[in-house]
Student: 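Take this structure first; my questions come after.
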Amino acid sequence: MTEKSCNDPEVREYASPPCFAHELSSAYDGQSGPGDCWSDVLRWRKAERQRLIEERLAIDADERKARSDRIAPRLDLAIGKVSGRIVSGYWPFRGEPDLRNWAIKIIERGGRIALPVVIRKGWPLEFRVWRPGDRLERGVWNILVPSRGPSVVPDVVVAPVVGFDGANYRLGYGGGFFDRTLAAIPRRPLVIGVGYAGSRLRTIHPQPHDIPMDVIVADD
Ligand SMILES: Nc1nc2c(c(=O)[nH]1)N(C=O)[C@@H](CNc1ccc(C(=O)N[C@@H](CCC(=O)O)C(=O)O)cc1)CN2
Ligand SMILES: Nc1ncnc2c1ncn2[C@@H]1O[C@H](COP(=O)(O)OP(=O)(O)OP(=O)(O)O)[C@@H](O)[C@H]1O
């Protein structure tokens, strides 16, 4: 980020600094949206998350399945060979594309599937191997996670997006989990965001902690 932010010493002297980023950023195009102050971006992200999640929850089950089925072959193309590799998927919630049948096909093709586990808020995710029939339990935020299973480092991470932009930045649920995990992981996996075409944004207003995906796969 080259623009000045709210935390710059020049503007920090104000108890509640005004955001001047729109005066400094050449990227500012006068459209509605935040400047580059984290507090503005936070507020904007919160509202966008709510809008995008509501929008996709309104998609009916048949349409969601059709869109998920369009994403699956594109995901195969993006990943390539899976035999002998560990692919992290996800157990869908809040209207995310359902790729569970796709995950089973990965196993049939000789790959392994892992699922992300929130160990604790503010910590990186852990990934646990999952096979069909393995016991799942409700973890943080009631997300189903494998009860046990070895903790592994995936070769490929498929990360569901709430929103995404043309620079492959991902807007998630606001926990910072994937960013923290990718920042801490010893060997960077191939990272693929998946979402619906309707979740595309002009920009997510990336911040220094945001790590772009290698590619985003959508249903269009
Ligand atoms: N299916 C699935 N599993 C996943 C993820 C995901 O995106 N999809 N995750 C990807 O990271 C992790 C879970 N991340 C989450 C992060 C925040 C919230 C959440 O509910 N947050 C609060 C508000 C947070 C804030 O804005 O400060 C909320 O919405 O009430 C839920 C899940 C691991 N498992
Ligand atoms: N590497 C990191 N180290 C410390 N804090 C981080 C890191 N990455 C992100 N965070 C913090 O996590 C919080 C949420 O970040 P952000 O809005 O980007 O979440 P998100 O990508 O939408 O969420 P998620 O990945 O959980 O779906 C921010 O306050 C951010 O500062």
Side-chain angles (χ1 to χ4, degrees), residues 1 5-7 33-34 36-57 64 68 71 75 87-103 113-130 136-147 149 151-154 156-165 167-186 188-189 191-196 199-201 203-214 216-218:
M1 199 174 59
S5 79
C6 294
N7 293 327
D36 286 313
C37 287
W38 177 229
S39 56
D40 285 359
V41 172
L42 257 183
R43 205 174 321 118
W44 178 85
R45 285 188 177 185
K46 205 175 157 139
E48 283 298 282
R49 281 185 186 107
Q50 197 178 341
R51 178 181 73 79
L52 292 164
I53 292 170
E54 273 170 20
E55 214 170 85
R56 77 182 182 194
L57 283 173
R64 190 172 300 144
S68 303
I71 290 172
L75 203 45
V87 180
S88 168
Y90 59 91
W91 203 267
F93 71 111
R94 293 188 194 161
E96 289 168 339
D98 187 348
L99 296 168
R100 286 175 293 181
N101 286 335
W102 168 83
I113 286 289
L115 293 174
V117 182
V118 175
I119 302 298
R120 198 174 159 168
K121 294 177 193 179
W123 284 22
L125 295 163
E126 186 177 296
F127 297 95
R128 285 191 200 146
V129 170
W130 174 85
L136 294 167
E137 63 184 36
R138 297 214 169 261
V140 180
W141 285 298
N142 262 345
I143 305 170
L144 286 168
V145 295
S147 303
S151 169
V152 290
V153 178
V156 180
V157 169
V158 177
V161 306
V162 174
F164 65 99
D165 69 17
N168 293 339
Y169 281 104
R170 165 185 181 274
L171 181 70
Y173 292 110
F177 287 105
F178 277 111
D179 293 319
R180 244 186 237 103
T181 306
L182 296 175
I185 221 158
R188 188 186 152 100
V191 190
I192 305 176
V194 290
Y196 303 113
S199 309
R200 190 175 278 116
L201 299 165
T203 173
I204 70 145
H205 299 278
Q207 302 297 305
H209 71 264
D210 287 312
I211 299 179
M213 310 282 101
D214 293 306
I216 306 260
V217 173

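Counting convention: from 1, in listed order, for ligands and their atoms alike. In this text, all values refer to a predicted model and were calculated from it rather than measured experimentally.
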Student: Any idea which atoms of ligand 2 are less than 4.0 Å away from a heavy-atom of Tyr173?
Tutor: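 Contacts of ligand 2 toward Tyr173, numbered from 1: 22 (O), 23 (O), 24 (P), 27 (O).
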Student: Could you check whether any side-chain heavy atom of Arg100 comes within less than 4.5 Å of a side-chain heavy atom of Pro92, counting everything from C-beta outward?
Tutor: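 SC-SC contact between Arg100 and Pro92 confirmed.
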Student: Please tell me if the side chains of Arg64 and Asp98 come closer than 4.5 Å, counting only heavy atoms from C-beta onward.
Tutor: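 When only atoms from C-beta onward are counted, Asp98 and Arg64 do not touch, as no gap falls below 4.5 Å.
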Student: Return the residue, atom name and 0.1 Å-rounded distance of the protein heavy atom closest to atom 24 (C) of ligand 1.
Tutor: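 Checked against all protein heavy atoms, atom 24 (C) of ligand 1 sits closest to Tyr173 O, 3.7 Å.
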Student: Do side-chain atoms of Arg180 reach the backbone of Gly122 as a donor and acceptor pair under 3.5 angstrom?
Tutor: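 Yes, the answer is positive, given that a donor and an acceptor are paired below the 3.5 Å cut-off.
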Student: Check whether any N or O atom of Phe177, backbone or side chain, sits under 3.5 Å from an N or O atom of ligand 2, and answer yes or no.
Tutor: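 Between Phe177 and ligand 2, an N or O pair is found under 3.5 Å apart.
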Student: Tell me whether Arg128 contacts the main-chain N or O of Pro146 through its side chain, where contact means a donor paired with an acceptor under 3.5 Å.
Tutor: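 Yes: the side chain of Arg128 pairs with the backbone of Pro146.
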Student: Whether the side chain of Arg170 engages the backbone of Ile216 through a donor-acceptor N/O pair (distance < 3.5 Å, no angle test) should be reported.
Tutor: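 Between the backbone of Ile216 and the side chain of Arg170 there is no qualifying donor-acceptor contact (under 3.5 Å).
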Student: Suppose we measure from atom 25 (C) of ligand 1 to each protein heavy atom; which comes out shortest, and what is that distance?
Tutor: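 So the nearest neighbour among protein heavy atoms is Gly174 O, 3.9 Å.
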Student: Has Asp214 got more than 12 heavy atoms of other residues, nucleotides or ligands less than 6.0 Å from its CG?
Tutor: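 Buried by this count: over 12 neighbours within 6.0 Å.
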Student: Are side-chain heavy atoms of Glu137 and Leu144 found at a separation under 4.5 Å?
Tutor: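 The answer is no; the side chains never approach within 4.5 Å.
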Student: Give the contacting part of Arg170 toward ligand 1: side chain, backbone, both or neither, where contact means a heavy-atom distance below 4.0 Å.
Tutor: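 It is the side chain that touches ligand 1; the backbone stays farther off.
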Student: If you have a sec, work out which protein heavy atom is nearest atom 19 (O) of ligand 2 and how many Å separate them, to one decimal?
Tutor: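 That would be Gly176 N, 3.2 Å.
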Student: So which protein heavy atom does atom 15 (O) of ligand 2 come closest to, and at what separation?
Tutor: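 The protein heavy atom lying closest is His209 NE2, 3.4 Å.
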Student: Which ligand 2 atoms are under 4.0 Å away from a heavy-atom of Asp210?
Tutor: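 Atoms satisfying the 4.0 Å criterion: 18 (O).
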Student: Is there side-chain contact between Trp91 and Trp130, with at least one heavy-atom pair below 4.5 Å?
Tutor: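 Touching, per the 4.5 Å side-chain cut-off.
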Student: Verify, without hydrogens or angle tests, whether Thr181 (side chain) and Leu125 (backbone) share a donor-acceptor contact under 3.5 angstrom.
Tutor: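 Answer holds: yes.
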Student: Using a 4.0 Å cutoff against the non-hydrogen atoms of Trp38, which atoms of ligand 2 qualify?
Tutor: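 Checking each atom against Trp38, I get 28 (C), 29 (O).
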Student: Which bit of Val162 is near ligand 2, meaning a heavy atom under 4.0 Å away: side chain, backbone, both or neither?
Tutor: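 Neither part.
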Student: Do Phe177 and Val140 make a side-chain contact, defined as non-hydrogen atoms from C-beta onward lying under 4.5 Å apart?
Tutor: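 Sidechains of Val140 and Phe177: no contact.
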Student: Tell me: protein heavy atom nearest atom 11 (C) of ligand 2, and distance?
Tutor: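 Here the closest protein heavy atom is Arg180 NH2, 3.5 Å.
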Student: Using a 4.5 Å cut-off on heavy atoms from C-beta on, say whether the side chain of Leu136 contacts that of Leu115.
Tutor: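 In contact.
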Student: Counting only heavy atoms closer than 4.0 Å, does ligand 1 sit against the backbone of Arg180, its side chain, both, or neither?
Tutor: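 Under 4.0 Å from ligand 1, Arg180 contributes no heavy atoms.
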Student: More than 12 non-hydrogen atoms from neighbouring residues, nucleotides or ligands closer than 6.0 Å to CH2 on Trp123, yes or no?
Tutor: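 Atom CH2 in Trp123 is not crowded, with 12 or fewer foreign heavy atoms closer than 6.0 Å.
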Student: Quick one: which ligand 1 atoms are inside 4.0 Å of a heavy atom on Pro160?
Tutor: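 By the 4.0 Å cutoff, the relevant atoms are 6 (C), 7 (O), 8 (N).
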Student: Return the residue, atom name and 0.1 Å-rounded distance of the protein heavy atom closest to atom 17 (O) of ligand 2.
Tutor: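 Its nearest protein heavy-atom neighbour is Arg49 NH2, 2.9 Å.
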Student: Check whether any side-chain N or O of Arg45 sits under 3.5 Å from a backbone N or O of His205 as a donor-acceptor pair, and report yes or no.
Tutor: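 Looks like yes, one N/O pair under 3.5 Å.
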Student: Looking only at protein heavy atoms, which one is nearest to atom 2 (C) of ligand 1, and what is the separation?
Tutor: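 So the nearest neighbour among protein heavy atoms is Phe93 CE2, 3.1 Å.
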Student: Test of understanding: given a 4.0 Å heavy-atom threshold, classify the contact between Leu125 and ligand 1 as side chain, backbone, both, or neither.
Tutor: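 Side chain only.
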Student: Answer yes or no for Arg170: is there a heavy-atom contact with ligand 2 below 4.0 Å?
Tutor: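 It does; at least one heavy atom falls under 4.0 Å.
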Student: Where the side chain of Arg49 meets the backbone of Gly163, is there a donor-acceptor pair that is under 3.5 Å apart?
Tutor: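 Judged by distance alone, no pair lies under 3.5 Å.
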Student: Of all the non-hydrogen atoms in the protein, which one sits nearest to atom 14 (C) of ligand 2, and at what distance?
Tutor: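 In this structure, atom 14 (C) of ligand 2 has Gly174 O, 3.3 Å as its nearest protein heavy atom.
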Student: Who's the nearest protein heavy-atom neighbour of atom 10 (C) of ligand 1, and how far?
Tutor: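 So the nearest neighbour among protein heavy atoms is Phe178 CE1, 3.2 Å.
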Student: Just heavy atoms, cut-off under 4.0 Å: does Val118 contact ligand 1 by side chain, backbone, both, or neither?
Tutor: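 Side chain only.
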Student: Specify the protein heavy atom at minimum distance from atom 22 (O) of ligand 2: its residue, its atom name, and the distance to 0.1 Å.
Tutor: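 Nearest neighbour among protein heavy atoms for atom 22 (O) of ligand 2, to 0.1 Å: Gly172 N, 2.7 Å.
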Student: Answer whether the closest heavy-atom distance between the side chains of Tyr173 and Arg94 falls below 4.5 Å.
Tutor: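 In short, these two side chains touch, coming nearer than 4.5 Å.
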Student: With heavy-atom distances below 4.0 Å as the criterion, list the atoms of ligand 1 near Trp91.
Tutor: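 Listed by number with element: 1 (N), 2 (C).
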Student: Identify, by atom number and element, the atoms of ligand 2 in contact range of Asp179, meaning under 4.0 Å from any of its heavy atoms.
Tutor: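 This gives 8 (N), 9 (C), 18 (O), 21 (O) as the contact atoms.
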Student: Using a 4.0 Å heavy-atom cut-off, say whether Lys46 meets ligand 1 through its side chain, its backbone, both or neither.
Tutor: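 Under 4.0 Å from ligand 1, Lys46 contributes no heavy atoms.
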Student: Which residue holds the protein heavy atom closest to atom 22 (C) of ligand 1, what is that atom called, and what is the gap in Å?
Tutor: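 Protein heavy atom with the smallest distance to atom 22 (C) of ligand 1: Trp141 NE1, 4.1 Å.
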Student: What part of Gln207 sits under 4.0 Å from ligand 2 if we count only heavy atoms: the side chain, the backbone, both or neither?
Tutor: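 Under 4.0 Å from ligand 2, Gln207 contributes no heavy atoms.
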Student: Taking the inter-plane angle between the rings of Phe178 and Phe127 on a 0 to 90° scale, is it parallel (under 30°), tilted (30 to 60°) or perpendicular (over 60°)?
Tutor: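 Rings of Phe178 and Phe127: tilted, as their planes differ by 30° to 60°.
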Student: Nearest to atom 20 (O) of ligand 1, what protein heavy atom do you find, and at what distance?
Tutor: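 Here the nearest protein heavy atom works out to Arg94 NH2, 3.0 Å.
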Student: If you count the atoms of ligand 1 from 1 in the order shown, which ones are under 4.0 Å from a heavy atom of Phe177?
Tutor: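 Result: 11 (O), 14 (N), 16 (C).
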Student: Would the distance check show the side chain of Glu54 and the main-chain N or O of Arg51 forming a donor-acceptor pair, the cut-off being under 3.5 Å?
Tutor: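 Pair absent, no side-chain N/O of Glu54 close to backbone of Arg51.
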Student: Short check: is a protein heavy atom less than 4.0 Å from atom 30 (O) of ligand 1?
Tutor: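 Within 4.0 Å of atom 30 (O) of ligand 1, no protein heavy atoms are found.
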Student: Just to confirm my output: which protein heavy-atom neighbour is closest to atom 8 (N) of ligand 1, and how far is it?
Tutor: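 Here the nearest protein heavy atom works out to Glu96 OE2, 2.8 Å.
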Student: Hey, which atoms in ligand 2 end up nearer than 4.0 Å to a heavy atom of Arg45?
Tutor: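 In order of numbering, the contacting atoms are 16 (P), 17 (O), 18 (O).
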